[in-house]
Each structure stands twice: as structure tokens, then as C-alpha cells.
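Residue numbers start from 1 in every chain, and the chains themselves are labelled A, B, ... in the order their sequence lines are given, proteins ahead of strands.
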There are 4 protein chains.
Amino acid sequence: MEFNDHKPIYLQIADTVCDKILSGEWNAEDRVPSVRELGMTLGVNPNTIMRSYEYLQTINVIYNKRGVGYFVDPSAKDAIINQERRIFLEEELPKILNKMKLLNINPEDIFSIKNN
Amino acid sequence: MEFNDHKPIYLQIADTVCDKILSGEWNAEDRVPSVRELGMTLGVNPNTIMRSYEYLQTINVIYNKRGVGYFVDPSAKDAIINQERRIFLEEELPKILNKMKLLNINPEDIFSIKNN
Amino acid sequence: MEFNDHKPIYLQIADTVCDKILSGEWNAEDRVPSVRELGMTLGVNPNTIMRSYEYLQTINVIYNKRGVGYFVDPSAKDAIINQERRIFLEEELPKILNKMKLLNINPEDIFSIKNN
Amino acid sequence: MEFNDHKPIYLQIADTVCDKILSGEWNAEDRVPSVRELGMTLGVNPNTIMRSYEYLQTINVIYNKRGVGYFVDPSAKDAIINQERRIFLEEELPKILNKMKLLNINPEDIFSIKNN
DNA sequence: GTGGTCTAGACCACC
DNA sequence: GTGGTCTAGACCACA
């Protein structure tokens, strides 16, 4: 896995976990890889994976069964989508639209790209 | 001014300077506020403002007259627009469209807002 | 059964066993559930129940008849009461009272509830 | 500083920070010691202090000014008291009262200790 | 100077 | 086997 430089690895890993849940690759109650296992797979230190999992736990995407492992929270998918929709619509979109206005970019420009 | 976390303050300040130039609030050859003055206004260490100005100078948005101050470069507006258009269309937009797809947000619905 | 985080499950189980003995639900020489049976009931690995029982055996609350099962020790009730009274009064209560003081909770108000 | 064995050091440190705020030793907007400084003082690794501070930040007891340090949140005191009162009254107290009942401990026993 | 991230490696309790 | 905590030490960006 390649990591973008200016975003912490542990957050990038958390993002990919969310993506796998959103895409249906990992489903409710599935066990996610152990910190050691995923660390080996991605070539990063288990501590870093641990940090991802702690973060994902605080936002209720995974939960822990002690001594057993981490599991996908049944409400994870909804939680992720709602959270991201809210952030996107309320915070990111206004900035994007404002930027488009300043840069004189029209919707047509966008749709022409989209259809490539 | 509130500073969005995870993006360096000096870059956020540089962004607002660019915005003021793009929007026409600050024009070619206008003097921009002194490092100290803007620092006071924003409640930020002057060193941080200095860093913004140095950055803006490297991308030819402002220039310096020694002992006098910083001024808006005549070619700033065009430079910013071209640079940011390129980045926006090539790098940011694909990510945005992909995200909207994952979140089930229809681009047509959103960008038609612009026409209201 | 829900398990309070940060306290080992096997100790939480041991606590509930003690409670059942204190409350008179389980009496001297009664047979306690088998490791497998209680594991099923609580949705917990039998190894964990085993660990509870081993612990309860070391503090003389239950004893084992090989091939038969675990039984409530005749002296269990007294032993538990004396042990827990001591711990409660000497160790826990001072902390509790101190905390109530910090939180502005009046002990008289609270403990008079008991008399209702 | 002495650390209790079965509670993570970083939580114990967080507790002492809360105590200092509750007791008025540290007030709103005060700067708390840097992670390195407090690490030296307590003889623990700065990473461990960092972990305490991250935790305290998530529960809105301190906040961060980038490149400057951590500061006591103006609402910290109220937040801590409300949070701890709630936990105490709703979660801990019922257990305590139940335990007292099982152990035949009367309020009088408590007040006699309290007055020593 | 400050916090923040990451690695390597150790040790522990728990299941 | 699992997660969880802690240390030591490195390196980085930011103010």
C-alpha cells in the first residue's frame, strides 16, 4: 500500500477500512484483521494499526471483543455514510462551490470531465 | 478567524490572501497589510504571517519592496486562477466526484444550485 | 450479560457468583453450574468460566469434586462477607467519600435512601 | 508520582489533571505543562503524556493551540463535574448501595468512619 | 520551542 | 492467539 505523505498513515488506514465497509467487502459483525496481521500485510508497525483501530472504535465503526479481536459494528455503514454526507454537504461543498465561483468554473466543465 | 485543523495556519492565511485577490478586493500593486498588522488582526504570531508572505512570494502572488512592504503582483490574479484551475480540475475534482458517488449524491443536483 | 469494560470478565463473573451466594440464591453445598453450561448461558468462552472458578476456589468460595463439579463452600458466605466488608470499609469507602466531597454530593442525602 | 498498577498510567495522569482543574489549581485558559516537561517531572515517557493529553482533548478538558501547547478549556470544570456526577449517581452509586445491602453495612458505620 | 507520527521492541493481562 | 500499555528514540512540521 502506498501512503500519501501529508496525511497520517493511521488515518489513511482508517479510511481504507471505512471504504471496505462502505463497498460491502466487510460486513456487519465480520472480524477485521488483527493488528499484527494487518501490520504485516501493509508493512507498517502494529502500533500504527492499533491507532487506526482505536480511532475507528471512537467513531463507532468497529468494536472490540476482549481477547478476541475487532469486529465491524452493525451500524458502521450507516454511521459512516451519515457522517460523511453531513461533512460533505455542510462543510466541503460550500467551499467547493465558492472556489468554483472564484475560478470561473461552470457545471458544464464538470460534466464534460465526469463523462470521460 | 478560526483555523481549520490539519491544514497549516500559514497556508490557510495564504489562501485567504489569494481569495481577496481573486475576488477583486485587493488589486495589482496594492500594498498588503504589514506582517505585524495582519498578525494582530488575526491573533497570530507575526512569524506565521511572515511564512505566508514568503510562500506567496515564491509563487509570485506578492512581491517585496525592501523597507516598504509587500505588494500584489500584477500577474497574481491570472497566475492564481490558472494554477488553481489546473489543480482543481485535475486533482481535486476526480476525488470529489468519486466521493459523491460513494455517498450517493447526484452531481447534477448539486451543481445546478450554481444557476439559482 | 453485559461486561463492564476495564474489569476482567472472569472477575466480573466471579463477582456475580459471590453475589448469588451472599443473597442466598445459592447455598452451602449447592452445585454451581458446569463450566460449559455457564459459558453457554453467558455467551462466554468456557476457558474464561474456568478461570473464574479457579479463582473462586483459591479464595475458598467454591470447591471441586473431581469428575462431579464445583460446589459452594460451607464457609463461603462468611468468608466473602468478612473479606469484602474489610475491603469496602478500608479501601473503597474513603475513595468514595473523597469523590463525593469533590463532586459536592452530600453523604447524608445519599445514604439515607437506604432507610426508605 | 506513584502509579497504581492496574489502571493505565496515562489515565491516572489524566485524572490528576482533572483534579488540579477541579481544585482550582489550574484555571481556564491556563497552559498545561508541555508533554516533555510533564514527562520529565513525572518520570514517564513523553509519549505517555501525549496519550493523556489526547484523551483529555477528546473529552473537552483541554484544547490545543498548534505549535504553542495545550490549554485548559474554559468549560473544563463544569464538564468534568457534570460528567463525573452523572457517572457516580447513575452507575457507581447503585452498585455501592447494593453492595452495602449485601454486606449489611449501615449508614451509621459510614458516618462513624467519615468523622474520624 | 511546541505537538504529532512512526518504528522497534518489550511486557502484560486476558480469552 | 488477541489487544493494550509503555519505553526509547527518531524525525517532522509548525509557531
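Shown here are the salt bridge (charged side-chain N to carboxylate O under 4.0 Å, His left out) partners of Glu29(D), two or more places apart in sequence or in another chain: there are none. Lys7(D) pairs by the salt bridge (charged side-chain N to carboxylate O under 4.0 Å, His left out) definition with Asp15(D), not counting sequence neighbours.
The CD1 atom of Ile96(D) sits 8.5 Å away from the CE atom of Met100(D) when rounded to the nearest 0.5 Å. Taken from OG1 in Thr16(D) to CD in Glu25(D), the straight-line distance is 9.5 Å, to the nearest 0.5 Å. Note that the OG atom of Ser52(A) and the CG atom of Leu38(A) stand 7.5 Å from one another [nearest 0.5 Å]. Atom NZ of residue Lys77(A) and atom SG of residue Cys18(A) lie 12.5 Å apart, to the nearest 0.5 angstrom.
Between Lys7(D) atom NZ and dA13(E) atom C1' there is a gap of 17 Å when expressed in whole angstrom units.
Cation-pi geometry between Lys65(D) and Phe71(D) is met: the NZ or CZ atom falls under 6.0 Å from the ring centre, inside 45° of the normal.
Between Pro33(C) and Tyr53(C) the shortest heavy-atom distance is O-OH, 2.8 Å.
Looking at residues 40-61 of chain D, you'll see Asn47(D), Met50(D) sit with a heavy atom under 4.0 Å from some atom of DNA chain E.
Comparing Arg31(D) and Val68(A) along DNA chain E, the residue whose closest nucleotide (by nearest heavy atom) sits nearer the 5' end is Arg31(D). With the nearest nucleotide of DNA chain E identified for both Val32(D) and Gly67(A), Val32(D) has the one nearer the 5' end. Sequence order on DNA chain F of the closest nucleotides to Pro8(D) and Pro33(A) puts Pro33(A) first from the 5' end.
Residue pairs meeting the salt bridge (Lys or Arg N to Asp or Glu O under 4.0 Å) criterion with at least one member in residues 35-55 of chain C, sequence neighbours excluded, do not occur.
Once you apply a 4.0 Å limit to the heavy atoms of chain A, the touched nucleotides of DNA chain F run 5' to 3' over dG1(F) to dC6(F).
Phe88(D) CZ: more than 12 foreign heavy atoms inside a 6.0 Å radius.
Stem analysis of DNA chain E (Watson-Crick or G-U pairs, both distances under 3.5 Å, runs of at least three) returns E:1-14 with F:1-14.
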